[in-house]
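First the structure, in the form of structure tokens, and then the observations on it.
Throughout, protein chains are lettered first and strands after them, A, B, ... in sequence-line order, and every chain is numbered starting at 1.
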Amino acid sequence: MSFRERVYAVVMRVPAGRVMGYGHVGAVLGSPRLARQVGWALASLPRDTTVPWHRILRSSGRLALQGDPARGMLQRALLEDEGIVFEADCLPMARYGWMPP
DNA sequence: ATAATGACTGAAT
DNA sequence: AATTCAGCCATTA
């Protein structure tokens, strides 16, 4: 089982309308310092994937993909479709954040 | 085996 | 408040 597959397994557990930070996913995988590797795993995801990659955000609830406007807008649109309300490019992790039981 | 890369993060400017 | 810097570590070359 590769690192990627473990990342996908965690991300796919996140219910609609909830989000997780890269560091949180890394923490579930073993260490909060795996954030970058989580990012790498999602970056190598195919476009037609069923993995809800848009539910993974940067720390403090800021959106990832800020360097890529096209995908950034897509991520925001997907999250809003799930009922998440943004507060000026950020969203309250305290409310939408999720951790596996 | 070594070196470079990056959807990150937290501290320091 | 906005940027830059320096660690991080799986993957790739």
Taking the side chain as every heavy atom from C-beta outward, state whether A:Leu79 and A:Leu57 have any atom pair closer than 4.5 Å.
yes

Is the closest basic N to carboxylate O distance between A:Glu82 and A:Arg55 below 4.0 Å?
yes

Spacing of A:Leu74 atom CG and A:Leu65 atom CG [to the nearest 0.5 Å]
8.5 Å

Let's see if you get this right: which residues in residues 1-25 of chain A place a heavy atom under 4.0 Å from DNA chain B?
A:Tyr22, A:Gly23

When you measure from every atom of DNA chain C, which of residues 32-50 of chain A have a heavy atom less than 4.0 Å away?
A:Arg33, A:Leu34, A:Arg36, A:Gln37, A:Trp40

Could you give the CG-to-P distance, from A:Leu74 to B:dA7, as a whole number of Å?
16 Å

When the side chains of residues 35-47 of chain A are checked against the rest of the protein, which donor-acceptor pairs come out under 3.5 Å, sequence neighbours left out?
{"residue": "A:Ser44", "atom": "OG", "partner": "A:Trp40", "partner atom": "O", "Å": "3.4"}
{"residue": "A:Ser44", "atom": "OG", "partner": "A:Ala41", "partner atom": "O", "Å": "2.9"}

Side chain of A:Tyr96, backbone of A:Val85: donor and acceptor closer than 3.5 Å?
yes

Measure from CG on A:Leu29 to C1' on B:dC8 and round the result to the nearest Å.
14 Å

Atom-to-atom span, CZ of A:Arg58 to C1' of B:dT9 - whole angstrom
8 Å

A:Glu80 side chain vs A:Ala77 backbone, donor-acceptor pair below 3.5 Å:
no

Flag if over 12 foreign heavy atoms under 6.0 Å of CZ, A:Arg76
yes

